[in-house]
Amino acid sequence: MVLESTMICIDNSEWMRNGDYSPSRFQAQTDAVNLICGAKTQSNPENTVGIMTMAGKGVRVLVTPTSDLGKILGCMHGLEVGGEMNLTAGIQVAQLALKHRQNKKQQQRIIVFAGSPIKYEKKTLEAIGRKLKKNSVALDIIDFGEEEDGKPEKLEALLSAVNNNSSSHIVHVPPGPNALSDVLISTPIFTGDGDGGSGFAAAAAAAAAGGMSGFDFGVDPNLDPELALALRLSMEEERARQEAAAKKAAEDATKQDKSGEQAADAVISEAGGSNSSLPIEKNVDVMDDESALLQQAIAMSVDNPDASQSTGIADANMSDADDQDLAIALQMSVEDSGKDLSAQTEMNKVLGDQSFMSSILASLPGVDPNDPSVKDLIASLQGQPEDKKKEDNQDNKEEKQ
Amino acid sequence: MSIASTIQRSQVDLQDFVDWSGVECLNQNSGHSLINALKQGYRDDDGLHLESDADEQLLIYIPFTQVVKLHSILFVGPEEEGPRTVKLFANKEHMGFSNVNDYLPSDSAILSEENLKGKPIVLKYVKFQNVRSLTIFVEDNQGSAETSKVQKIILYGTTVETTNVKDLKKIEEH
């Protein structure tokens, strides 16, 4: 809430035509200026802001420091881009404009947008900085636009010459997807050295970001914290519920379905998955890199040479909606078992328990539990060589058909 | 001589009539501010002094709560960094370093070593009959040091409206 009189020096040189800040450097600068004016006038009603250009037709004061926001924003219309920026003259004129401010109690501040290259020597800039410090004028520098060698150093030198008790700041804004104004909102230039302005900054962030981007649920936590909290909690609850449901479905799938069929289906679905729906496999790959079982399963399906055969069977399988759901559930269960080693070992134990397996297999139609190929298949899940698995795979499929 | 000493004796330390809310000093080092040199208690502490920041010049602005007559002024400072050329402006508001040379000073003085030890500088009394505010411009210092240091600044004078005889204190001759 510092009582301040600010002069904003706009760079409207030719370099501002560039579009590396969307929509153009000049437009981004104008938006930033509008935000700053709003922030300053809001933080203290007696604050005054003035605007001047450093390039274009020359160093010109567009509006002398005033607290009338409408007048300030209006003067930005019809500004033309062109010419070269004259930094030294610009700062001196700004200093003069501040000297003749009406309310002498106001602190003096100059905000400079430095978009074009700096053609002055470090020494010249330091001399200007010292003069500003002597007259207790604070300086904020926004370094954006052209990036040339030595520009940041020169501006830093200028800042250190002016800086008195950290009342002056510098911000370097590289070109990128973020708007210039968004980057500036979080800097001390806006927040006014910590106190005041932060409320405005948060509201401005909500407005500038269009309400949606930057906030999870399109609700500004600052504006409506209760609603934001409620939305977040309900989202988390839903997520937890879905996970639990999925896990349960997977568990049911693993338990109720005959293990042999499950094993075959798992292999086939893996094969089918790898051939007909790559995203699932990729998803699996990405999510569970460390899982040894998963790698194995994928390797198995990938190694399957008769792609057509497996695809055909996979299609036959996949066409059945139930099986598809089952396939997905099995996929998830495989992941889950991969994640949780204990679960994995449990499954292995289940599969390894021969008596249990045989009893389940007996209830399977068309599967002879005493068939050596089926037995081999079960054993293969515990890490048998892949060739044998392939054979089993083929045998099993033929058997099934 | 006696008349002169009588005049001297009726002068009051104008510290009580300083409007502290309006006191300003340009180019002061924030750690060593004007209060250290001007205010009772602070100025007597030898550890505290006023120091300049970017260069050796200082611009001190002192408004008063009422109109005063200024008789003399006293500076105490170190030998090397103490002020040398001092210009005084009466009733000039909000001066800056840029326009300090545009105006003729009401009085100016070149301080000697004696002055820095505590000998007050007698001013052109006629120029300071109706003083609402005083601006002191320290142009350079004794040893052309980078910064100027001032230990004490004391203003002697009388008020115009009321001169409370009870307030008159005897001022020691230095």
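So you know, we letter chains A, B, ... as the sequences are listed, proteins then strands, and number each from 1.
Close approach to chain B, defined as a heavy atom under 4.5 Å from one of its heavy atoms, is seen in no residue of residues 61-91 of chain A.
Partners of A/Asp11 by salt bridge (charged side-chain N to carboxylate O under 4.0 Å, His left out), not counting sequence neighbours: none found. Taking A/Glu148 as the reference, A/Pro117, A/Ile118, A/Lys151 meet the side-chain contact (heavy atoms from CB on, under 4.5 Å) condition, with sequence neighbours excluded.
Nearest heavy-atom pair, B/Cys25 versus B/Ile60, reported as atom, atom and distance to 0.1 Å: SG-CG1, 3.8 Å. Across all non-hydrogen atoms, the minimal contact from B/Val131 to B/Ala90 is CG2-CB, 4.2 Å. Here the closest heavy-atom approach between residue A/Gly58 and residue A/Thr53 is recorded as O-OG1, 3.3 Å. In terms of heavy atoms, A/Cys9 sits closest to A/Ala94 at SG-CB, 3.9 Å.
Salt bridge A/Glu4/A/Lys40: present, at least one basic N to carboxylate O contact under 4.0 Å.
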Short donor-acceptor contacts under 3.5 Å linking chain A with chain B:
unit_1   : atom_1 : unit_2  : atom_2 : d
A/Lys99  : NZ     : B/Ser98 : OG     : 2.8
A/Lys134 : O      : B/Asn27 : N      : 3.3
A/Lys134 : NZ     : B/Asp55 : OD2    : 2.9
A/Lys134 : NZ     : B/Gln57 : OE1    : 2.8

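Atom CG of A/Leu3 has more than 12 neighbouring heavy atoms from other residues, nucleotides or ligands inside a 6.0 Å radius.
Of the candidates A/Ile141, A/Asp143, A/Ile142, A/Val183, A/His172 forms a side chain to side chain contact (heavy atoms under 4.5 Å, CB included) with just one, namely A/Asp143.
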